[in-house]
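To start, the structure under review is shown below, and the notes come after it.
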Amino acid sequence: MIFADVKLEKSVLETVFCNIRKNFYNKIDPKVHKNVYIGRYNLRYAEPEFTGKYLDICAHFYELDKDDRAKNNGKMVVDSIRDNQRADGYIGCLEDGNELEAFSVWNHSFTLYGLIRFYEATGDEVALDCANRAAEWLISTFICENAPDILNATNDGTQHLSSIFAMMQIYRVTKNKNYLDYVDQVLNYCETTDMNLVSFDSILNLRSRKGIEMLIIYMGVLEYGMYSDCEKAVNAAERYWQEIYETQIRNTGNATIRELWTAGGNAPVLLPTDIHPNENCVAVGWVEFSLKLFAVTGEAKYLDAIEQTLYNHLVGSVEAKGEDFAYYQGNFGKKEYRTNEGMYQCCRYRGFTLFTYLKDYIYHYNGETVIPMVYTASEFNTEGLSVVQKTEYPKSFNISFEIKNQKENQKIRIRIPKWCGGYLLTIDEEKKDILPQDGYVTVELGMGETKISIEFVSGVKYQIDKIDDKEYASFTFGPLLLAMDTHFSNSLWEPVSEPFNITREEAGFETVHFKCNQMHLVDFASAGKLCPNEDVYSVFIPVE
């Protein structure tokens with residue numbers, strides 16, 4: 001493992017990260033999560049999922065900060081799990097007899113995941129023991145004579161399959177082959193059904209179209225493929241990602257309606273929040289899945305997808321103080337930032353998790369090549385190599401890298417975004433014409449200091465689509481989707497007419513601000529955010 005220190009400088013991402021960290025330490029009561037495992041509950045109980053994510057957050061903030069508050073908060077939960085875990089290892093928290101109903105195995109699997117992450121970060125043996133016992137319960141339940149059908153589960157057979165992801169995490173840490181064999185046997189069984197995760201022909205032909213559930217399952221399939229050298233499993237994960245990208249991901253960087261993939265899912269359509277579109281959990285899962293595939297392949301397309309989702313949906317889904325996340329997000333209307341109190345805080349904890357790990361996906365470094373994965377003002381430091389990234393991205397597309405290198409055979413790969421119409425590159429103030437390969441410009445680094453500057457060329461672009469036989473325009477600026485926001489004097493569904501005369505305005509709280517004729521356009525992440533109880537927005541604007 002190569003140790004690197006990453007620091008965020010002032011930017012929209014740094015603001016969200018700092019708010020999340022502050023709220024983690026100051027606003028989340030660990031006693032609430034400690035109490036999750038005390039008692040047995042009815043079929044609607046889903047809290048252990050969120051506490052599993054909370055343990056993961058505790059683990060990673062301890063890794064980042066070495067702050068004993070993160071460790072002690074997580075330890076309080078781990079000890080409660082120890083005290084309340086059933087003798088046979090079950091920790092799904094449902095009433096006896098309902099171990100295979102509703103969210104039970106889902107709860108169990110996410111608790112297992114949180115435990116193994118806490119052990120990985122802290123070395124806590126209690127967490128490891130509880131995790132091993134939880135894993136053994138899964139094996140004794142589903143891999144035995146007369147075992148129940150693992151697909152006989154809610155959400156079209158996905159709830160129990162979440163154990164694939166959890167078992168790959170505990171295998172990754174312990175290397176206990178029984179855990180890998182569990183996944184192998186589950187996947188082999190699935191191949192005999194309409195949940196053939198490896199050999200499927202279309203995401204819509206699999207038994208389940210659930211969004212976040214299937215993304216979690218395929219993250220497990222991908223890791224199984226890597227650890228077992230099963231190329232078919234790795235290819236299945238890549239094919240699943242590609243079909244979602246081509247048919248589901250909308251201009252906001254997210255997908256699903258009522259939490260499901262749909263036929264023609266990314267076709268232009270007006271999506272009110274009340275039909276539950278663009279579940280925030282799906283956006284988080286999409287970024288996490290893309291990150292794992294990038295780590296395996298290094299392909300730039302995964303970083304393009306992460307950038308689109310991060311700077312549009314995910315920054316747009318977090319409320320101003322970073323305390324909560326929108327559960328669903330329509331492409332017009334009001335933004336509803338508060339999740340239900342007490343129940344279904346999954347988007348809150350998934351959102352918290354994603355931004356907790358933010359520093360991990362700003363740079364990728366394998367000992368020879370550093371790749372800035374997400375463009376934002378930041379610093380990267382490892383032994384013998386440092387990179388200072390100066391930029392106001394995505395407000396503007398000028399980026400400079402100030403590099404100090406004392407190691408041989410080092411290089412930097414600079415991603416050329418898919419939206420980019422061209423670029424100007426200078427190295428030590430000398431213009432260079434280096435053609436991109438596989439989506440990157442590669443620069444060999446000599447010893448000492450190197451300064452690289454790159455400017456991506458892009459203005460405001462527009463697209464005209466027909467929705468219900470009416471023409472609507474949508475606008476983008478680099479990676480940013482733009483939206484009309486009534487906070488700036490326009491009214492919802494006020495039309496805009498061609499030709500479009502677009503000028504840039506000074507931005508306030510918003511990231512970017514333009515005028516198109518008399519229509520005000522701001523970045524989607526900022527739209528409807530200043531006064532969410534009053535302001536409405538739309539990414540599709542009628543064309544007069």
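Proximity of the aromatic rings of Phe332 and Tyr537 is defined here by a centroid distance below 6.0 angstrom, and this criterion is not met. For an aromatic pair to be called close, the ring centres must be under 6.0 Å apart, and Phe352 with Phe24 fails this. When ring centroids are compared, Tyr365 and Phe380 come within the 6.0 Å threshold. Taking the six-membered ring where the residue is Trp, the centroids of Trp241 and Tyr302 are separated by under 6.0 Å. In summary, the aromatic rings of Phe325 and Tyr337 are positioned with their centroids too far apart to meet the 6.0 Å limit. The six-membered or imidazole ring of Tyr393 lies near that of Tyr375, with a centre-to-centre distance under 6.0 Å.
Nearest heavy atom pair, residue Ser80 against residue Ile38, reads OG-CG1, 4.2 Å. Taking both residues in full, the closest heavy atoms of Tyr37 and Asn84 are given as O-CB, 3.1 Å, listed atom of the first, atom of the second, then distance. When all heavy atoms are compared, the tightest approach of Ile257 to Ile275 is CG2-O, 3.6 Å. The minimum heavy-atom distance linking Leu197 with Cys190 is given by the pair CD1-SG, 4.4 Å. Across all their heavy atoms, Tyr171 and Asn176 have their closest contact at CD1-O, 3.2 Å. Residues Thr376 and Ser11 come closest through the heavy atom pair OG1-OG, 3.1 Å.
The pair Glu63-Arg117 counts as a salt bridge, with a side-chain nitrogen and a carboxylate oxygen less than 4.0 angstrom apart. Ion pairing of Lys34 with Asp29 is absent here, as no side-chain N (NZ or NE/NH1/NH2) approaches a carboxylate O to less than 4.0 Å. Using a 4.0 Å cut-off between charged nitrogen and carboxylate oxygen, Glu136 and Arg133 do not count as a salt-bridge pair. A salt bridge links Glu49 to Arg350: at least one charged side-chain nitrogen sits closer than 4.0 Å to a carboxylate oxygen. Between Asp156 and Lys210 there is no salt bridge, since no side-chain N of the basic residue sits under 4.0 Å from a carboxylate O of the acidic one. In this structure, Arg348 does not pair ionically with Glu323, as no charged nitrogen and carboxylate oxygen lie closer than 4.0 Å.
Between Tyr357 and His60, the ring-plane angle classifies as parallel under the 30° and 60° cut-offs. Ring-plane geometry between Tyr240 and Phe200 is classed as perpendicular, the angle between the planes exceeding 60 degrees on a 0 to 90 degree scale with a lower cut at 30.
A donor-acceptor pair under 3.5 Å is absent between the side-chain atoms of Arg258 and the main chain of Pro277, judged by distance alone. Between the side chain of Glu95 and the backbone N or O of Asn98 there is no donor-acceptor pair closer than 3.5 Å. Between the side chain of Lys334 and the backbone N or O of Asn533, at least one donor-acceptor pair lies under 3.5 Å. Under a 3.5 Å cut-off, the side chain of Ser378 and the backbone N or O of Glu9 do not form any donor-acceptor pair. No donor-acceptor pair under 3.5 Å is formed between the side chain of Lys335 and the backbone N or O of Ser317. In this structure, Asp523 contributes its side chain and Thr511 its backbone to a donor-acceptor pair below 3.5 Å. Asn331 places no side-chain N or O within donor-acceptor distance of the main-chain N or O of Val539, the cut-off being under 3.5 Å. In this structure, the side chain of Asn312 does not engage the main chain of Thr252 through any donor-acceptor pair within 3.5 Å. At distances below 3.5 Å, not a single donor-acceptor pair connects side-chain atoms of Gln308 with backbone N or O atoms of Ile306.
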request  = For side chain to side chain donor-acceptor pair (under 3.5 Å), just list the numbers for Tyr182 and Ser163, CA-CA rounded to whole Å, side-chain angles, deciding distance to a tenth of an Å, and then say yes or no.
outcome  = CA-CA 9 Å; Tyr182 171 91; Ser163 60; 2.8 Å; yes

inquiry  = Test side chain to side chain donor-acceptor pair (under 3.5 Å) on Tyr113 and Asp56; report intermediate values, then the result.
reply    = CA-CA 8 Å; Tyr113 167 69; Asp56 184 16; 2.7 Å; yes

task = Test Gln242 against Glu238 for side chain to side chain donor-acceptor pair (under 3.5 Å), laying out the working first.
result = CA-CA 6 Å; Gln242 191 64 37; Glu238 291 176 322; over 6 Å; no

message = Checking Asp96 against Arg86 for the salt bridge (charged side-chain N to carboxylate O under 4.0 Å, His left out) test, could you report, in this order, the C-alpha distance in whole Å, the side-chain angles of both residues, the deciding distance, and whether it holds?
response = CA-CA 10 Å; Asp96 291 352; Arg86 216 166 62 180; 3.2 Å; yes

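Residues Asn278 and His313 have side chains in contact (heavy-atom distance under 4.5 Å, counting atoms from C-beta outward). Phe50 is listed as a side-chain neighbour of Glu47, based on a closest heavy-atom distance under 4.5 Å. Residues Thr247 and Ile203 have side chains in contact (heavy-atom distance under 4.5 Å, counting atoms from C-beta outward).
Rounded to the nearest 0.5 angstrom, Leu55 CG and Asp124 CG are separated by 10.0 Å. Note: Leu354 CG to Leu310 CG = 7.0 Å, rounded to the nearest 0.5 Å. With values rounded to the nearest 0.5 angstrom, Leu180 atom CG is found 12.5 Å from Ile170 atom CD1. Here the OG1-CG distance, from Thr262 to Leu204, works out to 7.5 Å after rounding to the nearest 0.5 Å. Rounding to the nearest 0.5 Å gives a distance of 6.0 Å between NE2 of His487 and CG of Asp535. Once rounded to the nearest 0.5 Å, the distance linking CZ of Arg207 with CE of Met214 reads 10.5 Å.
No more than 12 heavy atoms of other residues, nucleotides or ligands lie within 6.0 Å of NZ in Lys177, so this atom counts as exposed by the packing criterion.
Relative to the six-membered ring of Tyr245, Lys301 misses at least one condition, a distance below 6.0 Å or an angle of at most 45° to the axis.
Not counting sequence neighbours, the partners of Asp65 by the side-chain hydrogen bond (donor to acceptor under 3.5 Å, both in side chains) test are Arg21, Tyr25.
Residue His108 is tested with Tyr45, Phe103, Trp137 for a ring-ring contact (aromatic ring centres under 6.0 Å, His included); the sole match is Trp137.
Using modelled atom types and a 3.5 Å distance limit, the side chains of Glu279 and Gln329 yield no donor-acceptor pair.
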